[in-house]
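Everything below concerns the one structure shown next.
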Amino acid sequence: MSILLTTLNARYTHASLGLRYLLANMGELQPQTRLQEFVIGAKTTEIVERILAHAPRIVGFGIYIWNVEETAKVVAMLKRVAPQVTVVLGGPEVSHETNEQEIVRLADYVITGWGDVTFPKLCGEILHGPKPLMKVHAGVQPPINEIKLPYSLYTDDDIKNRTLYVEASRGCPFKCEFCLSALDKTAWPFALETFLAEMESLYQRGARLFKFVDRTFNLNIKTSLKIMQFFLDKLEAHPDDPVYAHFELVPDHLPDALKEGISKFPPGALQFEIGIQSFNPAVQTLVSRKQDNQKAADNIRWLTTQSHAHMHVDLIAGLPGETVESFAEGFNKLWALQPHEIQFGILKRLRGTPIIRHTQEFGMVYDPYAPYTILANRDIDFATMQRLVRFARYWDLVANSGRFAHTLPVLLGDAPFQRFMAFSDWLYANTDATHRIALERLVGLVARYLQTLGMDQGAAEALLGSDYSAAKPKPAETPAPKRQARRLAA
Ligand code: SF4
């Protein structure tokens with residue numbers, strides 16, 4: 001075996017679509033190429049040992065914002081114990097500001113952008129000469145339908161135990177400046193019939209959970225309808241063995257035909273990830289995000305009241321020009337629309353994203369280490385930003401977990417953001433922790449907090465008891481590859 005494709009996924013359940021694309025497109029090198037995935041948090045020595053057990057001549061690493069730090073250690077150790085192995089890097093994290101990165105210094109070659117054509121070509125040159133002279137290779141973007149689809153490379157084990165990522169298109173025509181997809185300028189659809197034939201084959205092999213990573217599923221309504229019909233046909237034919245699909249939507253584009261399709265899905269079959277990011281028109285203009293707020297709100301309301309889709313809606317704190325007050329206003333507006341989850345993200349400065357143009361004027365200070373989270377800006381100081389970070393963490397624990405369904409409305413009252421911020425500050429002051437708060441302890445803490453608001457002990461315990469006894473697993477989860485990871489977080 002001469003070529004190993006590898007990456008560190010954020011979780012075991014995330015099967016890397018990018019690596020499978022590379023493997024599918026290796027051409028005559030495919031028989032000598034293998035794929036092995038790891039999960040972040042694994043010991044560096046173990047990863048290196050397992051990589052070397054394949055005795056590879058070339059190792060191709062997929063580098064993302066969530067794995068760059070750990071992968072840098074892996075590459076450093078690998079080059080020390082096996083300097084003869086050629087290391088090739090690719091992926092969004094090394095596609096921009098390439099020469100400024102430690103991991104790039106450690107590697108032999110880097111491919112920026114699309115690797116489907118350039119990676120096999122580079123491997124051929126490394127193996128058979130002439131030796132490539134340049135370290136950094138700009139990935140060639142072929143016509144999209146020349147790319148071989150990778151879905152047959154999902155193993156039976158992947159199908160049974162992991163989230164299957166699929167894409168009917170690549171790219172995004174919008175230009176939100178905090179998002180890497182802003183550089184695409186357009187979207188490229190795969191041939192729909194070929195794509196659906198692949199989905200059919202996955203379905204026949206037992207796949208029931210499909211996570212679409214298309215940046216904007218509802219760009220081309222005809223295509224969206226055909227894809228939805230594929231799933232509706234399966235649901236109708238086998239209601240006892242339901243299929244589950246996850247799509248990302250732009251919120252202000254939901255024509256009637258699409259609504260009609262969506263309304264046909266039964267409960268537990270459809271999940272939408274919807275990026276609002278900010279309801280503040282001035283902030284939207286600053287980051288070049290075009291969004292009709294009224295339409296977006298109407299559509300979210302329609303989805304929550306007229307469809308069975310499970311909805312995650314994203315907001316980002318820390319954008320240029322967004323104050324805590326204006327963010328709070330947007331948060332409260334969104335809460336009133338009652339999506340199932342509000343994903344509260346903190347801005348990250350992804351390498352290559354145009355948001356950098358605001359750094360000076362808005363005093364944007366980012367963590368120099370991945371994931372480059374904003375630490376402070378002109379309108380939000382460091383301490384306040386940390387309060388927002390804790391809010392986001394506690395919001396996940398209390399609100400998005402779905403474990404406090406009866407208690408949450410009482411906790412939030414008529415000022416959701418302000419009241420949850422007060423709760424978050426209290427929780428931190430009383431625990432000094434944002435992680436590893438066991439559920440039982442959290443329930444006790446919420447009960448205590450409700451009493452500080454004036455609720456008597458018995459009433460607080462009864463309220464929490466109603467959540468505790470009603471606690472049930474959430475609908476099928478489709479763990480998002482961190483949204484800002486390509487947009488992070490559309
Ligand atoms: S945030 Fe979403 S809509 Fe905006 S550029 Fe990124 S993927 Fe496209």
Side-chain angles (χ1 to χ4, degrees), residues 17-18 64-65 91-93 95-96 113-114 144 165-190 211-221 223-224 246-255 258 271-293 295-297 299-300 303 311-322 327 330 334 339 342-358 371-374 478 480-490:
L17 182 59
Y64 301 86
I65 194 170
E93 180 63 10
S95 290
H96 305 275
W114 297 32
I144 193 128
Y165 295 110
V166 301
E167 59 180 5
S169 66
R170 284 188 188 175
C172 179
F174 300 107
K175 298 189 175 56
C176 316
E177 294 179 23
F178 49 82
C179 173
L180 260 184
S181 297
L183 307 178
D184 295 335
K185 299 189 181 69
T186 187
W188 303 273
F190 287 96
K211 182 165 176 119
F212 281 71
V213 296
D214 300 54
R215 315 316 298 150
T216 41
F217 172 70
N218 53 335
L219 261 188
N220 180 331
I221 299 301
T223 305
S224 316
H246 172 118
F247 302 107
E248 297 197 9
L249 295 187
V250 280
D252 52 1
H253 185 53
L254 218 57
L258 196 57
Q271 178 168 303
F272 290 134
E273 186 91 30
I274 299 176
I276 286 288
Q277 321 308 6
S278 172
F279 267 127
N280 181 337
V283 173
Q284 288 167 351
T285 305
L286 274 171
V287 297
S288 314
R289 183 173 172 88
K290 291 200 168 63
Q291 180 170 286
D292 181 329
N293 286 339
K295 260 194 195 165
N299 286 338
I300 292 173
L303 285 164
M311 277 199 298
H312 293 180
V313 184
D314 303 331
L315 287 176
I316 300 179
L319 289 168
E322 189 86 277
F327 182 82
L334 182 55
I342 296 177
Q343 305 270 351
F344 182 153
I346 308 290
L347 179 67
K348 319 275 188 279
R349 191 197 76 80
L350 301 184
R351 290 184 186 278
T353 51
I355 200 162
I356 195 165
R357 77 187 177 101
H358 297 296
Y372 320 114
T373 308
I374 185 118
T478 56
K482 276 296 165 204
R483 280 166 299 290
Q484 223 184 320
R486 260 203 299 178
R487 121 206 82 143
L488 189 77

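For ligands, and for the atoms within them, numbers begin at 1 and follow the listed sequence.
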Structural part of C179 in contact with ligand 1, heavy atom criterion under 4.0 angstrom: side chain

Can you label the angle between the W188 ring and the W114 ring as parallel, tilted or perpendicular, going by 30° and 60°? perpendicular

How about F212 and F272: are their ring centroids closer than 6.0 Å? no

Quick note on ligand 1: atoms under 4.0 Å from a heavy atom of R215 include exactly 7 (S)

With sequence neighbours left out, write down each residue that passes side-chain hydrogen bond (donor to acceptor under 3.5 Å, both in side chains) with Q284, or none if nothing qualifies. N293

Regarding C172, does it place an N, O or S atom less than 2.8 Å from atom 8 (Fe) of ligand 1? yes

R289, portion touching ligand 1 at heavy-atom distance under 4.0 Å: side chain

Look up atom CD1 in I274 and atom NE2 in H312, then write down how far apart they are to the nearest 0.5 Å. 10.5 Å

